[in-house]
Every structure is written in structure tokens, then in C-alpha cells.
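Each ligand, and each atom within it, is numbered from 1 in the order the structure gives.
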Amino acid sequence: MNTIRYDFRSDTVTRPSAGMRAAMAEAEVGDDVFGDDPTVNRLEQRMAAMLGKDAAIFVPSGTQSNLLALMSHCGRGDEYIAGQDAHLYSHEAGGAAVLGSIQPQPIAHQADGTMDLGDIEKAIKPDDHHYARTRVIALENTFGGRILPIDYMGQVADIARRHGLGLHLDGARAFNACVALGTDIKTFTAPFDSVSICLSKGLGAPVGSVLSGRQDLIDKARRHRKMLGGGMRQAGILAAAGLYALDNNIDRLAEDHRRARRLAEGLAAFPSLKVVMPDTNIVFVDVEERLGSRLTDFLQSRGVGMFGYARQRWVTHLDVTDDDVDGALDQVAAFFRQGAEAAFR
Ligand SMILES: *Cc1c(COP(=O)(O)O)cnc(C)c1O
């Protein structure tokens, strides 16, 4: 790939700011495997308090955080229910199956991204020795940048409670949803036994996620984190970036959402592009496949980074400015000006 001037590939590409690096450099540290890193302890306590949970654990990645959650809810031969396109089922290399011996029960999404409540209920296995034991339902919110309704999360929580199941939230971008809705994170995450939040996406930290939840689950997660090789030593250097992100980078997610909308509106001006208006910071664009493929190649050759051909994904984040949005839109205009479209009529 050529040098990227306008990077809309993901909100994971953000680099730590000068203020964040200063906080990292000054972090008080200790050996976190011994429980003596004061900065890690502060981050864990802070996140648990923000979410109104008993405890939390700092981990290297969102993937590990979700895996720890599933391994803490489920034992060998148990089963979790998740959406067919849920990150923890479809984008985490099958970790729960490989490392946890946990079987997935994926469920199709409806057009709005939710799972049908009847489908969830039907997928829960009765107590019968033919079946894996269903232990937990996992939701993801935001889901592809889309906000799933708080009422829906409550309805799934009711099903989980009725069947004695755990409820996990992959809230990698939960703060995006809360900022967009004007809802407190504690209210948003209230129905869940465990919640995973990424610090390294829109919040702008270089590394890390935090898994929060019930004490017994976090205690198990701590053992599993060690088993998986995720026990880190002077991790306060990284946790300091997370604390800085919680202090400085939550409210500003509104700017990413505003820029995503500006980008979406700009893209929607081109008749060949079918733009899905964003709830938060992710814009999806559907386009005829060959045209999309040429557009993406053209944009990449002009220093605009994004992913996809027939369905393109553009993500705004704290290293994207208004000028970057305009610069990228200028390149889309340049593509259509050169008549690239004519060949596909
Ligand atoms: C990015 C992401 C993860 C995983 O995070 P990594 O730190 O990349 O492992 C999990 N769930 C969702 C919804 C994500 O967007």
C-alpha cells in the first residue's frame, strides 16, 4: 500500500498524543502479576467504578478480553450464543473453540443488527445430555458502528435471567454509543455480568482493553489471563495511557461522529454510492462490485486508506480532521470526474 495521508481504515490506527505519552512516561509502575502496579490497579478500579461493576482486569487486547469472558462464563463443552457477525465469534480466530473448548451457537442478525428474541430463546438448549450446556449470551454494541437499542439489551437480559444464563457485552466501542445517545456508561452496561471495553480504538490508547464484571468472573479471568500469557509486568506504562484516555478522550468521540456524518453526506452526493448514514464513527458504503474495486484501488493510490470493495468501510477517529475528510472527498470526486464510472454503465 502507498503512504496513507488520510487514514480511515480503523480507529485502531490512532497514535498516542503528546499528553498521553507524557502520562505514560511518568506512570508509577510495579509488577502487575504480583498485583503491585499502582497505575494498573487505578485503571481497573476506575473502569469498574464507571461501569458500576465489582471488579475489572486490564488485558492486552479486546480479543483476549472477550476470550477471558467466555472462558469465565463457560467450561469445557459449554456453549455461548452470539450473533453470526459478532466480532467474538467471527473475527477472533476461533479462540473460544480452540483455547476454551467452548462451542459457539451463532444466530443470524436481523436487518437492524439485532438478533430475533425468539431465535435466541430457541437456541438455548434444554438440560439433556445430548446437548452442550448453554451458559452465556454475548451482545456487541456498537455493532458495526450501529447502536442497538437499550430496550433490546434489556429484553435479551430478561431471557438470560429467565434461563439462568450469563450475559456478556462486547462493548469495544460502548463509549461511542453512550456519547451518541447521551447515556451514562453505567446505565448502558447495567444488565451485563461482564463487559469488555477497548482503550485502543476511538479512545486513542496504543494498547489494551478492560474486562469488567462480577467478582467471581474477574477472578477466573485473572487466572485465565495468566494461562494465556497475558500477565504483564510494569504494565502501568500502558494503563497510564488508558487512564489518560478515560480523562480526555471520551466526550470528544462526538467529533468523530460529526465527521463520520460529514463524510457520509459528502459520499452520498455521488449517485453510484449507497451510503448507510452512521450512528457513530463508522460509515458503510455499498457500491457495484467492479466500480467499488476500482474506486478503492484509486483511493489507495491517492493516499486514502479504507477497506472493502462492494461494501466499503470508512472509520473516523481522533487522528482524522475536517480537512482530512474534505481531502478524502476530493479524491472521490477526482475518481468520478475522470469518468471511471462510464465503463460500468
Ligand atoms: C476491535 C474489536 C475487538 C477486538 O479488539 P482487539 O484489541 O483488536 O483484539 C472486539 N470486538 C469488537 C467489536 C471490536 O471492534
Side-chain angles (χ1 to χ4, degrees), residues 7-16 43 47 56-71 73 80 82-96 98-100 104 106 109 113-115 136-148 153 167-180 185 188-189 192 194-213 221 224-225 228-230 232 235 238-239 241-242 245 249 253 256-257 260 278-284 306-308 313-318:
D7 199 346
F8 294 88
R9 290 174 301 168
S10 175
D11 45 11
T12 56
V13 303
T14 53
R15 296 188 183 125
L43 173 64
M47 189 69 100
I57 181 168
F58 180 52
V59 297
S61 69
T63 298
Q64 186 172 104
S65 187
N66 282 327
L67 176 59
L68 294 178
L70 292 175
M71 288 176 72
H73 283 281
Y80 70 97
Q84 180 75 37
D85 297 329
H87 196 285
L88 59 72
Y89 167 59
S90 65
H91 280 78
E92 297 182 4
V98 176
L99 300 164
H109 298 275
T114 63
M115 297 179 273
V136 63
I137 305 173
L139 298 183
E140 180 176 322
N141 206 358
T142 62
F143 174 63
R146 180 185 301 203
I147 301 172
L148 307 186
M153 297 198 291
L167 189 66
H168 172 69
L169 178 66
D170 179 356
R173 297 188 180 86
F175 280 111
N176 291 82
C178 289
V179 166
I185 189 80
F188 190 81
T189 59
F192 295 91
S194 56
V195 178
S196 172
I197 291 191
C198 283
L199 299 167
S200 62
K201 302 231 162 123
L203 295 179
V207 175
S209 283
V210 180
L211 179 66
S212 306
H224 290 134
R225 184 185 69 174
L228 294 168
M232 298 180 286
L238 302 174
N249 292 346
L253 291 170
D256 299 343
H257 302 165
D279 287 346
T280 57
N281 68 324
I282 303 181
V283 180
F284 283 101
M306 28 68 79
F307 284 127
R313 190 183 86 146
W314 301 67
V315 184
T316 57
H317 51 76
L318 94 178

Check residues 198-210 and write down every donor-acceptor pair under 3.5 Å in which the side-chain atom is one partner and the other belongs to a residue at least two apart or another chain.
residue: Ser209; atom: OG; partner: Gly62; partner atom: N; Å: 3.1

Using heavy atoms and a strict 4.0 Å limit, residues surrounding ligand 1 turn out to be Ser61, Gly62, Thr63, Asn66, His87, Glu92, Glu140, Asp170, Ala172, Arg173, Cys198, Lys201
In sequence, state the C-alpha distance, the side-chain angles, and the governing distance for His168 and Ser194, and then conclude on side chain to side chain donor-acceptor pair (under 3.5 Å). CA-CA 5 Å; His168 172 69; Ser194 56; 2.8 Å; yes
Go through the steps to decide whether Asn281 and His317 satisfy the test side chain to side chain donor-acceptor pair (under 3.5 Å), and finish with yes or no. CA-CA 7 Å; Asn281 68 324; His317 51 76; over 6 Å; no
Verify side chain to side chain donor-acceptor pair (under 3.5 Å) between His91 and Asp85, making sure each step is shown before the conclusion. CA-CA 8 Å; His91 280 78; Asp85 297 329; over 6 Å; no
Quick check on the 6.0 Å ring-centre criterion: do His109 and Phe143 meet it? yes
For the CG atom of Leu169 and the CE atom of Met153, what is their distance to the nearest 0.5 Å? 6.5 Å
